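Computed from a predicted structure; not experimentally measured.
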2 protein chains.
Amino acid sequence: MSQITIVDLAETLGLSKSTVSRAFRDSSDISPKTKERILAKAEELGFSPNLYASSLRGNRSQTIAIIIPEFGNKFFSQAIKGIELIARSKKYHTLIYVTDNSVQNEASIVRSLVNGRVDGVLISASGEGKDHSHLQTLVDHDVPIVFFDRSYDDFHGHFVTGNDFESSRLATQHLVDNGCKNIAYLVINRKVSIGKIRMDGYRKALEDNGILFQEKLILDTENDEVKNRAAIRNLIQQHKPDGIFASVERLAISTIRVAQQEGVQIPENLKLICFSCLDIADLLSPSLSVVKQPAFAMGKEAANFLFRILDKPTELRQQETTLLQSSLIFQDSSRKL
Amino acid sequence: MSQITIVDLAETLGLSKSTVSRAFRDSSDISPKTKERILAKAEELGFSPNLYASSLRGNRSQTIAIIIPEFGNKFFSQAIKGIELIARSKKYHTLIYVTDNSVQNEASIVRSLVNGRVDGVLISASGEGKDHSHLQTLVDHDVPIVFFDRSYDDFHGHFVTGNDFESSRLATQHLVDNGCKNIAYLVINRKVSIGKIRMDGYRKALEDNGILFQEKLILDTENDEVKNRAAIRNLIQQHKPDGIFASVERLAISTIRVAQQEGVQIPENLKLICFSCLDIADLLSPSLSVVKQPAFAMGKEAANFLFRILDKPTELRQQETTLLQSSLIFQDSSRKL
DNA sequence: ATGAAAGCGCTAACAG
DNA sequence: CTGTTAGCGCTTTCAT
């Protein structure tokens, strides 16, 4: 079946193409009766207006993009699910891109988006890098950006995230309360907002308890599971921490595996807590204490925020940060003996 | 910054817009020097060709869609990751849609795709339903479809999936080998290919071992975690199975939770094995025996297959099914005592 | 309430 | 190798 057009439809109905066109917009100037007649015929013929022709005219793509650094954990799947849900309810389509934690990939993806392909972008920042010109290009093209979960300190934009500082403080405090005195912090990348803010919460808790912050207990990791495990092993052997606070789930999982190999008992010799959206944290052995972010809600909130900007492009909003509450779930991995 | 067009660029360079256009296609007829000059200027001005204008002309969207039923487990995130990777390497963009296991949603999504928005569709079927006219519409519009993991029996199309029959047979055989005589099968939905084929493998293993297939040991589940748990509890209480083969991960997780509540020991009183891509199956308590599908590879394979069709639309391929090997990982949940 | 006509930005014949 | 020209299918004034 070749493409049927608005003209074909107009001819079969004895109308002009303008009238037919109006039937598909929420147009004012059309009688309900003709509109219905047109829509019925369209349904019958399986016609729907060519997307590219209308986008070319109207300059709207009805499409947003999600750019995420990785797909390893439940957080991002849940967030995407939330975003897609909202987008679809707004009749928007959702493009997905995974950078694999590479800023270069992020930049190249973003550049492929400035030709009108999307009306807005939801992004969770990938890694470090000081050059955010790719994002600036987007802004210059009037494509609004909303960050979620991870952003860049030196790029000012809208940001929806968890109350990470407070959650991190409480998680660390919890380790202290359960007897830890030598707590290590595993950071995904201290140059990314998420790594830094969570570390600030960790530092605050130490300070509150008169514990000295020690650089040697901070492990800045890479995008390589094998290297990370070696580094964690090294950390455990060298500095014998009695508690570990991991800023992301996969670092906690690596810790569990290393502990198993090294014969370090959790929680007896080492207490562990981490950020995670794992819904089976309670089924792990030992059950894992987690800071659980409201991933699904965060996706929805970020998307809603983006659509609010899209709906009122005039209302030039200030840079705005929305914090959502995470919940702390204490289980066996950090249990006091 | 307002849109800069190919004409503006042509004027600044003292060229015609066709020449400029050619610089952006992989066009033959243009001198390397002019091409370079154009591309340089474009870079300088931050210009890239308007997507909708070219799609309108060329009838190509450089976009594919992924439609999946749910986002609950690692299988789909991994598959998507694979798809997106291949798509991006082909300079394609990837739209994502989640149906939440609803065929109605699937139909409405598919209908929003026939206006040229996508060049092809990768889909994992949602639920049952005999009416696949929405998919037929896609075919009528010359949009190729490739199924992955889950398809419809009565809709003939390309299909990339695991060797589910054989894996299921082996998984069930494994339970028999470890002493099970009364094995229940938890099916996601027996009307979907995935549920049926996996059940066939299960039946074959029973048959091979002279064990009677019993309808009462088959639990057809719903899209509702709470109801499923109640049904599993009921199954366990009523029929006291000594082994359970779950066709999807979430049913196995529900089983573990029910067993915990009911004081049924795994593997002592009940052995469990399931399809799952969980990378921490070994960290669960008890560690979970799984049939692990090559999710990432499956995503890549399905995408490659779609692009092969897209590259050679003339080569009208026969309906074709590609099977990828799954691996069986036996751990404590199905251990012989 | 409907129709006529101009043109969105680009591509691809065709001509040179 | 480059330029001219005619649309792709739709939306949107401006008439009527």
Side-chain angles (χ1 to χ4, degrees), chain A residues 1-39 41-42 45-63 112 114-119 141-142, chain B residues 1-39 41-42 45-63 91 112-119 141-142:
Chain A
M1 194 203 305
S2 73
Q3 272 303 48
I4 161 169
T5 82
I6 208 174
V7 182
D8 303 333
L9 197 56
E11 273 175 9
T12 14
L13 289 163
L15 290 166
S16 80
K17 60 176 184 168
S18 346
T19 310
V20 176
S21 173
R22 277 189 270 258
F24 288 96
R25 307 294 107 212
D26 293 333
S27 177
S28 41
D29 281 356
I30 187 168
S31 85
K33 271 182 61 182
T34 18
K35 178 166 178 176
E36 210 166 307
R37 207 159 63 91
I38 294 169
L39 260 24
K41 198 73 186 177
L45 270 52
F47 165 84
S48 71
N50 181 296
L51 169 74
Y52 297 104
S54 35
S55 288
L56 178 55
R57 278 307 314 246
N59 235 347
R60 267 304 176 94
S61 66
Q62 299 287 111
T63 307
S112 75
V114 296
N115 53 0
R117 185 176 281 275
V118 298
D119 295 343
H141 282 257
D142 292 323
Chain B
M1 191 203 306
S2 74
Q3 271 305 48
I4 161 171
T5 82
I6 208 175
V7 182
D8 303 333
L9 197 57
E11 273 174 10
T12 12
L13 288 163
L15 290 165
S16 81
K17 58 177 184 167
S18 356
T19 310
V20 175
S21 171
R22 278 188 270 260
F24 288 97
R25 308 292 108 214
D26 292 334
S27 178
S28 40
D29 282 353
I30 188 169
S31 83
K33 271 182 63 181
T34 14
K35 179 166 178 176
E36 211 166 306
R37 206 158 63 91
I38 294 169
L39 260 24
K41 197 74 185 176
L45 269 51
F47 165 84
S48 70
N50 181 296
L51 170 73
Y52 297 104
S54 34
S55 288
L56 178 55
R57 273 309 315 245
N59 234 346
R60 267 305 177 94
S61 65
Q62 298 287 110
T63 307
K91 306 249 181 209
S112 76
L113 256 32
V114 296
N115 54 0
R117 185 175 281 274
V118 298
D119 295 343
H141 282 257
D142 291 323

Minimum heavy-atom distance A/Asn50-A/Ser54, with the two atoms named: O-OG, 3.0 Å
Sugar-phosphate only, base, or nothing, as touched by B/Thr34 at under 4.0 Å among non-hydrogen atoms: sugar-phosphate
Closest contact, heavy atoms only, B/Ile6 versus B/Phe47: N-CE1, 3.8 Å
B/Glu11 CD to D/dT2 C1', straight-line distance once rounded to whole Å: 17 Å
Protein proximity profile, nucleotides 4-12 of chain D - base contact B, sugar-phosphate-only contact S, no contact -, cut-off 4.0 Å on heavy atoms: BBBBBBBBB
Length of the line joining B/Gln62:CD and C/dC10:C1', which is rounded to integer Å: 15 Å
Non-neighbouring partners of B/Thr5 that pass side chain to side chain contact (heavy atoms under 4.5 Å, CB included), sequence neighbours left out: B/Val7, B/Asp8
Protein-nucleotide distance (A/Glu36, atom CD; C/dA1, atom P), rounded to Å: 15 Å
Donor-acceptor contact present, side-chain B/Asp119 to main-chain B/Arg60, <3.5 Å: no
Whole-Å distance separating the CG atom of B/Asp8 from the C1' atom of C/dC10: 13 Å
Contact check, side chains of A/Phe24 and A/Leu39, non-hydrogen atoms, under 4.5 Å: yes
Bend angle of the helix from C/dA1-D/dT16 to C/dG16-D/dC1, end axes from five pairs each (to 10°): 30°
